[in-house]
Protein chains: 2
Amino acid sequence: MTGFADIQDPLSLERQVCFALSVASRNVIAVYRPLLEPMGLTHPQYLVMLALWEHAPLAVKDLSRMLQLDPGTLSPLLKRLEAAGLVRRERDPEDERALAVVLTEAGRDLRSDAKRIPPAIVARLGMGLDELQHLHESLMRVIAAANAANNGHAPHDPAPTGVRTR
Amino acid sequence: MTGFADIQDPLSLERQVCFALSVASRNVIAVYRPLLEPMGLTHPQYLVMLALWEHAPLAVKDLSRMLQLDPGTLSPLLKRLEAAGLVRRERDPEDERALAVVLTEAGRDLRSDAKRIPPAIVARLGMGLDELQHLHESLMRVIAAANAANNGHAPHDPAPTGVRTR
DNA sequence: CACAAATGATTTGTGCACCAACTAATCGCT
DNA sequence: AGCGATTAGTTGGTGCACAAATCATTTGTG
């Protein structure tokens, strides 16, 4: 290893869990990139497609809750998916405010290509499934802890309405 | 809130380690935000300052290697830090191509404020130090695996031309 | 029914992240 | 010394992420 840091310093770069978290996230996404690029998807778009393959039709607020992403982030992303011909953004007839994001034929078809991605990632990473599973559990715990630290809500979700006012 | 997904489906959103990784990264950064904002720093800027507090002066390529960030990302970020009066971007007299990013008085002074951040984060997360340490080790392994999968280099680092120095 | 509050989505602004193309300085080689 | 290749950094383009402001629709309450 590099050892460029005083290992006792609490401000040492190497000791910051959050630094490791961002680097891990960015670099693992970089492993996905060459696999997603031929499908014409970015990683966040891939996550949206995963949610839709399981649960379409979905409103923006559903996607926002599932992916823990701001609606303001999803709105242009969904327009790009529509421009790519993978989804259609319709109005929910029950509630004209809400969007009903549905898959097109091409969007559904893409799922068979996507099936090859998870095993390819695992193979490229060359890590044991048990270790990945274990990492996943640790991440779920830190996600829960972070959400609790943010007053029990994800960053884009201002406040759980029922909690404070009576 | 439990299984909205078929737990057997390899394309299930819940099973994607990379999804957990991005959400964890974003949401933990959100825990930092209210602490960094009064210091006038974003999280990436905080990481740059950490590196500088330990090792200034640094060139862009040093920061790029340490933080595993693209020089094209660092360039405008450093200009914002300079505009905030925390660093100066000088030329290395030894090599006029290279930048020597140095701390200003204000930049050095900020370090005492920053010392309060790591314990505050740990307190807010409410997780045990041992579990955080364990997560850190898992993340280091996945970072190494991801870099190996990307042909032995971080995304911004096109190719390992020679033997790395240090 | 009227109308204020709440909700769902979009827009705008700032900043991060990656990539490709470019400029300038240095190095390598003959 | 000359000159091509390499290296350091910047710039421009696309897309993600968050916050705040805005707009339309729906809901709640008198």
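Since we're looking at a predicted model, the values are computed, not measured. In what follows, every chain begins at residue 1, and chains take the letters A, B, ... in the order their sequences are listed.
Among the nucleotides C:dA25, D:dT26, C:dT10, the one closest to the side chain of B:E96 is C:dA25. In the set D:dT26, D:dC18, D:dG15, D:dG15 carries the atom at the smallest distance from any side-chain atom of A:T42. Comparing C:dT10, D:dC18, D:dT26 by their nearest atom to the side chain of A:T73 picks out D:dC18. Among the nucleotides C:dC19, C:dA17, D:dT11, the one closest to the side chain of B:P44 is C:dA17. Closest to the B:D70 side chain, of the nucleotides D:dA19, D:dG9, C:dC18, is C:dC18. Here the side chain of B:A98 is nearest to one of D:dA8, C:dC19, C:dA25, namely D:dA8. Listed nucleotides C:dT10, D:dT10, C:dC18 differ in distance to A:V60; the shortest reach to its side chain belongs to C:dT10. Among the nucleotides D:dT10, C:dT10, D:dC18, the one closest to the side chain of A:R91 is C:dT10. Relative to the side chain of B:R26, the nucleotides D:dA17, D:dT11, C:dT10 differ in distance, and D:dA17 lies closest.
The CG atom of A:L74 sits 12 Å away from the C1' atom of D:dC18 (whole-angstrom rounding). We find that CG of B:L77 is positioned 8 Å from P of C:dA17, with the value rounded to whole Å. Rounded to an integer number of Å, the gap from CG of A:L69 to P of C:dG8 is 17 Å. Between B:E94 atom CD and C:dC27 atom C1' the separation is 15 Å, expressed in whole Å. For the pair A:D92 CG and D:dT25 C1', the computed distance is 12 Å after rounding to whole Å. Atom CG of A:D95 is separated from atom C1' of C:dA9 by 11 Å (rounded to the nearest Å). In this structure, the NZ atom of B:K79 is 12 Å from the C1' atom of D:dG12, given to the nearest Å. Atom CD1 of B:I29 is separated from atom C1' of D:dA19 by 16 Å (rounded to the nearest Å).
With salt bridges taken as basic N to acidic carboxylate O contacts below 4.0 Å, none links A:E82 and A:K79.
B:R33 has no side-chain polar atom (N or O) that falls below the 4.0 Å cut-off from OP1 or OP2 of D:dA17. The side chain of B:R89 places no N or O atom within less than 4.0 Å of a non-bridging phosphate oxygen (OP1 or OP2) of D:dG9.
Atom NE2 of residue A:H43 and atom CD of residue A:E37 lie 15.5 Å apart, to the nearest 0.5 angstrom.
The aromatic rings of A:Y46 and A:W53 stand perpendicular to each other, their planes meeting at an angle above 60°, with 30° marking the opposite boundary.
Along DNA chain D, the nucleotide nearest A:R97 and the nucleotide nearest A:Q45 are compared for position; the residue whose nucleotide lies closer to the 5' end is A:Q45. With the nearest nucleotide of DNA chain C identified for both A:S22 and A:K61, A:K61 has the one nearer the 5' end.
Test B:L78, B:L77, B:L47, B:L69 against B:L63 for side-chain contact (heavy atoms from CB on, under 4.5 Å) and you get one pass: B:L78.
Base pairing of D:dG30: its partner is C:dC1, meeting the Watson-Crick or G-U wobble criterion (both donor-acceptor distances under 3.5 Å).
Considering every non-hydrogen atom in both B:V17 and A:H136, the closest pair reads CA-CD2, 3.9 Å.
In this model, a donor atom of one side chain and an acceptor atom of the other lie less than 3.5 Å apart for B:N147 and A:N27.
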